[in-house]
Amino acid sequence: MQIPLATYRLQFSPSFDFQAAKAIVPYLAELGISHLYASPIFKAKTGSTHGYDVVDPTQINPELGGEAKFESLSAKLQELGLKWLQDIVPNHMAFDSQNTTLVDVLENGPDSQFLDYFDINWNHPYEGIKGRVLAPFLGKFYGDCLESGELKLRYEEQGLSVNYYDLKFPIRIESYTQVLTHQLDRLRQKLGRKHPDYVKLLGVLYGLKYIPSGEEGNERYDQIAFIKSMLWELWNDNPDVKQFIEENIETFNGEVGKPESFNLLETLLADQFFRLSFWKVGNEELNYRRFFTVNDLISLRVEDKRVFEQTHKLILKLVEEEKFHGLRIDHIDGIYDPATYLFRLRDRANHTYLTIEKILEPHEELPLNWPIQGTTGYDFLNTINGLFCQQENEKEFNRIYQRFISARMSCEKLIDDKKRLIIGKHLAGDIDNLAHFLKHISGRYRYASDFTLYGLKSALIEIMAVFPVYRTYINNEEISTSDRNCIKQVIQHARENIPIFLNELNLIEKFLLLDFDEYLTDEEKQQWLHFVMRLQQFTGPLMAKGVEDTVLYIYNRLISLNEVGSHPQIFGNSIDDFHQFNQNRVAYWPHSMNATATHDMKRGEDVRTRINVLSEIPQEWEEKLKQWKEMNASQKMCIEGLDSPDPNDEYFLYQTLLGTFPFDIEAEGYDTYIQRIKDYIIKAIREAKVYTAWLKPDTGYEDGFTKFAERLLKPGKKNEFLEDFLAFQKKIQHYGVFNSLSQILLKLTSPGVPDIYQGTELWDLSLVDPDNRRPVDYKLRTKLLRGIKKGLDKDTPALLTELLKNPADGRVKLFLIYQLLQVRQQYSELFQRGDYQKLTVIGSWQEHIVTFSRTWGETTLIAIAPRFLTRLIKENELPLGEHIWHETRISLPPGSSRRWKDLISGQTLNSEDTLLIRDILSQFPVALLVNQEEGGKGGLPKDTEEEATVTPLEKPSKTRKKAA
């Protein structure tokens, strides 16, 4: 297995394809990246900007360049020694006519060769969708769409279909008779009974009458293909037949204003294996599993071995050909049986780096028996982010927030409320299905025979609402201790909340713990287990929609803490928390990913580091809030008695502006920035679902809020707020720079595989998608990197001075990333196998230094990163030298080296038992030291010992081959 040294995430789209990626591979190699980390590249819906709406996992996406351009990119990576980490989507595909597998199911129903591919309940208790797939895609009620002529019957070579704008649904072959026999006498009179083409059409009708089904699957498909080809020939060869079919289609499509004219089409649609409905129906009545609450993403039954083999055929082929060297599994919690899936994948991709998208709650552990290398890094992201939030100011921040919004807002209560909101408005259909299944299997037992559907459903809702983690992982009678404890905790909490349903809760606890009665048959035991495993698939979407996509946009105390996988009620982490996290990583998951930015993030990594500065200066922050609130009161609109924005949204906006305001607003352009903020506001408040929502937008509130933001940012001498804001923002920006540099150092030196999201090697001031998927200027980055390398060759101290003097262009961040990536290549074994030791800091500012060592063999690296600098330096001052750090020092373990070299600045240091921070941080705000002993022992790999006086970072080419 080839463990990545560093990954670089690319978001492929039609506007950034394989050819565009190939052009930047030399830059990635020069930067020091080991693995290109690709978003999904398999055939997706036309125009997809993210690739997660796959329509064919057995094809490379033609919009990205297809197989030929993929091979070209792969060859370029191989030429330069880079590997490929691929994001795959085993949980779902697009519910779309481009998904030919799904189209086959919709057309053939129980006779489809792909019947079991998708997670569909064909035996739903509601007659309207029993034996049919709900298709909730209509913009209004079905009857309205039908009688307004929006549903159109059409014919083409593939056959008959009903169309709703750009959506197309296939008509089952048996239904063709309804269309082709309508007023058939008309055609007979025109052509004559013995006309060859009329006889051929009769042959088509005869064939339709005897379509094979069931076990005669191959015959069925052959006959359907034959009938469709005959019909297409008649359409093209005989104008009278074509006119006959066209006129019938026109008749079926009805006439607007004459409701009875749509009876034929309604009858035809009633005979299909799908049922078209208003899109909101999908939230309350549904018989297929979706990705979260997205109607047009239908889930797969990847637990079925045949489905696994088909959907992973190309993936495994590319693994075998060593085109893919690692796989990132999207949404592992949506899979019916994650453990079995992972073991099956590991068996087929034995030497492949595997990482999963998984969100862990506080004190939740990843199952240690899973055959993976770790997670995609949300856990690391939030751990390191919390390190820059000053915990001691939590109570003061609570008071500031409460005073500004004139209310007490409990994050825990908010989570509970919003999960219940999602249950009622978005997942009602899914929970209804669970309740019906529970009623079905529980009714067999005398102690549950009197339980009503209402009671069971109420108990289920309570259990799901109080569930504290994304899901448990029960897949057999051997329940882990953590899962058992979780279930007992959930049931106890539910009992306290709804004691009226105590008996129902006791029954469900018995089911969840698989506490089988002795007399149960194996079939009945399997039903219990199936209920548990099915329930586990829906607690994750509830947590994601309730917390990630709702609470994180409402609880605004300090929005830098509101990130995917975060726990915003937890106000930061201690240094000991950070060390404990890393020590656990070394012990159990040394190759898990370290992320600070992802395609799913709520805000950019450097936005968070800026906003975190506020946690250090609560009094000053509150003073600014008071001033701005007073200044801007007149800028608000009052809509039906409500100010837009309300105080909570206003509080949210000020933090957002502080975090995202560009270093150089003239370069980005005021208009561009203001539009980005306005677009973000709309998305944020719709996700919050307080005054407006995607389901029911309130354009009045939205307009009021966006115009408020526009007025605040309008340039001009009369804008009192903007002048005051910019002065404060520059201060926050200054300290944010050093938080960012510390974050980079810790990410690239902590245990794990550092991941760099596209473009974030310069300042990342982006917001949630689509803002974080804007085009990246790689020509600029290449130019800046080469300038940095020249500066290193010419005069490193002078380069450092220049970079720190001019942080706005982002070169200082790029420089640090480059230096650290070269170190990771030079000391690859240490980073992949070395231990981790927290080091003791002594002195006045000990809480302001995060430091640890990594050791492998005779080589030791020490990382030193400062934090909370508002106490130590003034605005525009650098955190360097004796007058800042005084006597603060690192205590070294006995027997440590006496000679050290900073692999970032190139300076050398001598020590006895301690290292003074004032000496270490005299040229650059962070440091990475390597031990250097006399006689060539320790410090550098053997093949570079003769160059010990030269900073190894200046010679990446010599070590690339070895690292690769």
Side-chain angles (χ1 to χ4, degrees), residues 3-4 6-7 9 37 85 87 326 328-334 338 342 353-370 372-389 391 415 468-473 482 486 539-540 543-544 547-548 551-552 560-603 605 608-609 612 743-744 746-757 760 831 836 838 850 852:
I3 303 298
T7 61
R9 172 75 178 203
Y37 173 17
L85 171 61
D87 191 348
R328 179 257 199 199
I329 295 93
D330 180 67
H331 189 42
I332 191 69
D333 281 347
L342 291 171
Y353 176 79
L354 297 181
T355 183
I356 61 170
E357 183 197 33
K358 167 64 187 165
I359 291 173
L360 296 166
E361 295 300 306
H363 312 299
E364 182 187 6
E365 297 290 341
L366 201 59
L368 289 173
N369 65 324
W370 283 6
I372 57 174
Q373 276 58 62
T375 72
T376 53
Y378 295 133
D379 45 355
F380 180 85
L381 184 155
N382 288 289
T383 298
I384 195 173
N385 182 60
L387 196 58
F388 297 95
C389 174
Q391 289 180 295
I415 289 172
V469 295
Y470 271 66
R471 64 167 285 171
T472 49
Y473 297 97
S482 61
C486 177
T539 52
M543 185 75 83
V547 180
E548 283 181 41
V551 172
L552 296 189
S560 54
L561 303 179
N562 296 11
E563 197 48 82
V564 177
S566 73
H567 318 288
Q569 67 271 39
I570 299 176
F571 199 79
N573 303 316
S574 68
I575 291 178
D576 283 342
D577 291 335
F578 178 72
H579 288 314
Q580 182 60 48
F581 176 88
N582 279 338
Q583 286 165 343
N584 185 69
R585 274 289 189 87
V586 166
Y588 300 109
W589 305 104
H591 308 310
S592 193
M593 295 183 79
N594 295 346
T596 48
T598 74
H599 62 285
D600 284 328
M601 63 189 178
K602 302 300 182 187
R603 50 193 56 82
E605 61 183 35
R608 292 194 303 273
T609 58
N612 278 331
Q743 179 173 258
I744 292 163
L746 297 175
K747 178 172 84 168
L748 270 73
T749 56
S750 291
V753 175
D755 172 45
I756 298 171
Y757 182 71
T760 60
F831 283 106
Y836 178 97
K838 67 176 183 179
V850 183
F852 55 83

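On a predicted model such as this, the values are computed, not experimentally measured, just so you know.
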Practice problem: Among T376, T375, D333, find the residue that satisfies the side chain to side chain donor-acceptor pair (under 3.5 Å) test when tested with K358. | Solution: D333
Quiz item: Only one of T760, T598, D87 forms a side chain to side chain donor-acceptor pair (under 3.5 Å) with R9, so which one is it?
Solution: D87
For the atom pair [atom1] ([X]) and [atom2] ([Y]), what is the distance rounded to the nearest 0.5 Å?
X: I332; Y: W370; atom1: CD1; atom2: CH2; answer: 6.0 Å
X: I3; Y: Q373; atom1: CD1; atom2: CD; answer: 5.0 Å
X: I329; Y: I356; atom1: CD1; atom2: CD1; answer: 7.5 Å
X: T596; Y: R608; atom1: OG1; atom2: CZ; answer: 6.5 Å
X: Q391; Y: D577; atom1: CD; atom2: CG; answer: 6.0 Å
X: Y37; Y: H599; atom1: OH; atom2: NE2; answer: 6.5 Å

Exercise. Start with the C-alpha gap between L85 and M593, add the side-chain angles, then the distance that decides, and say whether side chain to side chain contact (heavy atoms under 4.5 Å, CB included) holds.
Key: CA-CA 12 Å; L85 171 61; M593 295 183 79; 4.1 Å; yes
Exercise. Could you verify whether a donor N or O on one side chain and an acceptor N or O on the other, from S560 and N612, lie under 3.5 Å apart?
Key: yes
If you define the side chain from C-beta out and look only at heavy atoms, does anything of [X] sit under 4.5 Å from [Y]?
X: Q583; Y: F852; value: no
X: M543; Y: I359; value: no
X: M601; Y: V564; value: no
X: P468; Y: E361; value: no
X: Q569; Y: I415; value: yes
X: N382; Y: E563; value: yes
X: N594; Y: F380; value: yes
X: I372; Y: L366; value: yes

Does [X] reach the main-chain N or O of [Y] with its side chain, forming a donor-acceptor pair under 3.5 Å?
X: N573; Y: F578; value: no
X: N562; Y: P568; value: no
X: T355; Y: R328; value: no
X: N584; Y: Q580; value: no

Practice problem: For side chain to side chain contact (heavy atoms under 4.5 Å, CB included), just list the numbers for W589 and L368, CA-CA rounded to whole Å, side-chain angles, deciding distance to a tenth of an Å, and then say yes or no. | Solution: CA-CA 9 Å; W589 305 104; L368 289 173; 3.9 Å; yes
Compare every heavy atom of [Y] with every heavy atom of [X], then report the nearest pair and how far apart it is.
X: I570; Y: P362; value: CD1-CG, 3.8 Å
X: S750; Y: N582; value: OG-ND2, 3.4 Å
X: S566; Y: L561; value: OG-O, 2.8 Å

Quiz item: Taking the six-membered ring for Trp, are H579 and Y836 parallel (under 30°), tilted (30 to 60°) or perpendicular (over 60°)?
Solution: tilted
Exercise. Step by step, work out the side chain to side chain contact (heavy atoms under 4.5 Å, CB included) result for R585 and D379.
Key: CA-CA 11 Å; R585 274 289 189 87; D379 45 355; 3.6 Å; yes
Self-check item: Pairing residues for F581 by the ring-ring contact (aromatic ring centres under 6.0 Å, His included) criterion, not counting sequence neighbours
Solution: none
Quiz item: Under the ring-ring contact (aromatic ring centres under 6.0 Å, His included) test, which residues partner H591, sequence neighbours left out?
Solution: none
Quiz prompt | Residues L360, Y470; criterion side chain to side chain contact (heavy atoms under 4.5 Å, CB included); working and verdict | solution = CA-CA 8 Å; L360 296 166; Y470 271 66; over 6 Å; no
